[in-house]
Amino acid sequence: MLTSFIEGLLCCLTSKPANTVVPVETSEPTDGYEFVEVKPGRVLRVRHIIPDRPVVEEPSLGGIVSCKRKITVYRNGHLFIENLGERASAELKTCQNGDTEPNSTMEVELTDCRNSSPPVSIPEARSGSLTAGNNGASETGSAGEAPAAGQAEQSQQPRKRRRKPKRTVVIDCERRIAGCKGTHSDVALFFIHGVGGSLDIWGSQLDFFSRLGYEVIALDLAGHGASSSPHIAAAYTFYALAEDIRLIFKRYAKKRNILIGHSYGVSFCTYLAHDFPDQIHKMVMINGGGPTALEPSLCSIFNLPTCVLHCLSPLLAWSFLKAGFARQGVREKQLLKEYNAFNVSSFVLRAMMSGQYWPEGDEVYHAELTVPILLVHGMHDKFVPVEEDQRMAEILLMAFLKVLEDGSHMVMLECPEAVNTLLHEFFLWEPATLPPPKKEPKTRPETAKAQTDTSISEPTKVRPATAKQT
């Protein structure tokens with residue numbers, strides 16, 4: 001603590017970052033580690049493992065899922081989602097919440113709309129307007145004071161108007177989804193960490209899936225791990241980091257790619273899924289939070305000067321250990337040190353938190369996704385409540401939510417076996433191929449002959465065969 005205070009004081013006096021992360025020489029240069037220059041002077045460390053597959057199989061055809069939904073955004077901030085898929089996902093939605101029908105409607109309130117009226121369902125609003133019209137047309141139906149009293153009550157009640165949509169998005173497409181095995185050469189797994197992490201936090205997953213034959217790619221974000229650390233805050237905005245990841249993805253992408261993101265990394269996965277909808281086959285969100293647009297908080301400890309944050313770095317590390325892990329023991333401290341988690345400079349940490357500005361990533365943006373998504377949540381996570389992941393699962397078209405009771409925010413470090421099993425099962429999953437619709441049986445020859453025999457008595461109907469005989 002005393003060392004951090006002295007370094008922070010020197011930082012204030014010299015106006016230079018006290019702890020700066022710079023690229024380091026990896027201890028295993030031949031174990032799949034590469035340094036990729038995405039821009040001049042901007043170098044990212046990437047771990048790319050190409051397994052030696054003794055057997056290569058052809059991918060199966062899988063199943064076709066109809067992705068049909070209508071998303072309506074109203075001016076009062078309500079979001080109305082109507083799922084129209086016939087084959088869509090009785091199976092998918094049943095796995096999600098157990099009681100949702102394939103052709104269902106859902107109305108939610110946008111989280112960024114503060115002064116919005118209480119939700120009113122669309123069918124109720126329409127029936128109310130029709131009832132008002134019927135009452136107005138039947139004024140002369142009966143005499144007396146009762147109709148007048150009824151009219152007075154109706155005149156006092158506010159008249160419901162049909163709301164005009166601000167924007168309507170219609171999705172109508174089909175996706176072919178097949179299982180992704182390690183023996184398939186057209187599959188690649190991309191792992192993206194969040195704030196304060198590094199590619200090392202995916203160590204268990206990278207080793208596990210590379211042994212199964214999968215090609216895996218993980219990277220260090222700028223300022224994290226062994227990637228370069230620019231001394232300018234603009235280098236750590238959402239769009240700057242997203243462009244880095246986009247270039248890495250284009251460099252290593254295969255025909256079918258699976259994105260696995262953690263925390264802040266989930267937002268980058270969503271961004272890529274919108275940019276490359278045909279190349280993203282599946283996606284995994286681990287403690288990613290709700291489908292809300294990103295906006296930096298004005299009242300945050302990370303708005304303090306860099307030197308002050310550096311003085312508080314031991315306290316921040318202790319807070320992260322307490323909130324990020326279900327248990328705070330020697331094993332968890334060793335995991336933080338071993339996997340290089342939450343080991344970034346105060347300047348990078350401050351710039352990362354203040355640069356989380358992504359207004360496009362709202363609920364509509366997430367509702368437009370048609371890729372199958374697995375959501376993994378640690379029950380003891382104090383950074384991301386489980387209600388946020390539940391809301392995300394409701395907004396998405398095809399989503400599976402799995403909650404691990406023994407995990408927290410760093411669930412991939414706490415429960416690596418359980419996480420690996422969930423991910424592998426999801427990679428192998430493919431929708432059941434529904435049998436083709438039954439065709440109507442053709443009329444039997446005997447039945448057709450009987451029908452023609454009964455029509456002889458009618459003078460206007462003559463069989464061609466009878467005409468030939470005459």
Side-chain angles (χ1 to χ4, degrees), residues 11 14-50 188-202 206 215-254 257 259 261-276 279-280 294 296 302 306 309-310 340 343-361:
C11 171
T14 59
S15 300
K16 295 182 180 180
N19 49 350
T20 303
V21 179
V22 296
V24 297
E25 292 295 334
T26 175
S27 58
E28 298 173 327
T30 60
D31 193 19
Y33 290 94
E34 304 174 6
F35 286 94
V36 181
E37 188 175 18
V38 292
K39 292 180 181 179
R42 194 177 178 95
V43 181
L44 303 183
R45 183 180 67 153
V46 179
R47 187 178 183 186
H48 181 206
I49 301 178
I50 303 177
L189 311 182
F190 287 83
F191 294 85
I192 305 175
H193 67 82
V195 178
S198 68
L199 64 83
D200 297 325
I201 67 173
W202 303 109
L206 298 179
E215 182 175 349
V216 296
I217 301 98
L219 73 153
D220 285 335
L221 297 178
H224 294 69
S227 294
S228 60
S229 178
H231 301 299
I232 179 173
Y236 304 99
T237 62
F238 173 84
Y239 296 101
L241 297 173
E243 183 62 22
D244 294 344
I245 299 174
R246 185 174 179 272
L247 296 174
I248 294 296
F249 177 80
K250 292 178 64 177
R251 180 185 179 97
Y252 298 100
K254 297 290 184 178
N257 303 278
L259 306 179
H262 172 249
S263 191
Y264 190 28
V266 170
S267 299
F268 300 117
C269 292
T270 307
Y271 181 84
L272 288 180
H274 263 269
D275 266 15
F276 306 95
Q279 291 182 266
I280 307 302
L294 297 181
F302 298 103
T306 303
L309 287 178
H310 185 67
N340 200 22
N343 184 23
V344 296
S345 68
S346 304
F347 174 80
V348 171
L349 183 61
R350 184 178 187 272
M352 289 284 292
M353 299 303 294
S354 61
Q356 293 186 10
Y357 179 72
W358 185 37
E360 295 87 0

Would you compute the distance between atom SG of Cys269 and atom CG of Leu259 and round it to the nearest 0.5 angstrom? 5.0 Å
Report yes if some heavy atom in the side chain of Leu241 is under 4.5 Å from a heavy atom in the side chain of Met352; otherwise report no. yes
Please evaluate residues Leu189 and Ile217 with respect to the criterion side-chain contact (heavy atoms from CB on, under 4.5 Å), reporting the C-alpha separation (whole Å), side-chain torsions for both, the decisive distance (0.1 Å), and the verdict. CA-CA 6 Å; Leu189 311 182; Ile217 301 98; over 6 Å; no
Please find the pair of heavy atoms, one from Ala240 and one from Ala234, that lie closest to each other, and give the distance. CB-O, 3.7 Å
Residues Asp200 and Arg45 bridged, charged N to O under 4.0 Å: yes
Please check: side-chain N/O of Tyr236 versus main-chain N/O of Pro230, any donor-acceptor pairing under 3.5 Å? yes
Short side-chain to backbone donor-acceptor contact, Asp220 and Ala226, under 3.5 Å: yes
Are there over 12 heavy-atom neighbours, none belonging to Tyr239, within less than 6.0 Å of that residue's OH? yes
Checking the side chain of Glu37 only, and the main-chain atoms of Gly41 only, is there a donor and an acceptor separated by less than 3.5 Å? yes
With rounding to the nearest 0.5 angstrom, report the CZ to OG distance, Arg42 to Ser229. 9.5 Å
I want to check something: taking the side chain as every heavy atom from C-beta on, are Ile192 and Ile245 in contact at a cut-off of under 4.5 Å? yes
Is the gap between the ring centers of Phe268 and Phe238 under 6.0 Å? yes
Sole residue of Phe190, Phe191, Tyr271 in ring pair (Phe, Tyr, Trp, His ring centres under 6.0 Å) with Phe249: Phe190
Does the pair Leu349 and Ser346 meet the rule for a side-chain contact (heavy atoms from CB on, under 4.5 Å), with working shown? CA-CA 5 Å; Leu349 183 61; Ser346 304; 5.6 Å; no
Would you kindly say whether His48 and Glu215 are connected by a side-chain donor-acceptor distance under 3.5 Å? yes
What are the two closest non-hydrogen atoms of Arg47 and Ile49, and how far apart are they? NE-CD1, 3.5 Å
Pairwise distance CG(Leu294) to CD(Glu360) - rounded to 0.5 angstrom: 10.0 Å
Within the distance-only criterion (no hydrogens, no angle test), does the side chain of Ser227 pair as donor or acceptor with the backbone N or O of Gly223 below 3.5 angstrom? no
Between Glu34 and Tyr252, is any side-chain donor less than 3.5 angstrom from a side-chain acceptor? yes
Rounded distance [0.5 Å steps], CD in Gln279 versus NZ in Lys250: 9.5 Å
If you take all heavy atoms of His193 and Leu221, which pair is closest and at what distance? NE2-N, 3.0 Å
Rounded to the nearest 0.5 Å, how far does CG of Leu309 lie from CZ of Phe347? 11.5 Å
Can any side-chain N or O of His224 pair as donor or acceptor with the backbone N or O of Gly196 at less than 3.5 Å? yes
Can you tell me how far OG of Ser267 sits from CD of Gln356, rounded to the nearest 0.5 angstrom? 7.5 Å
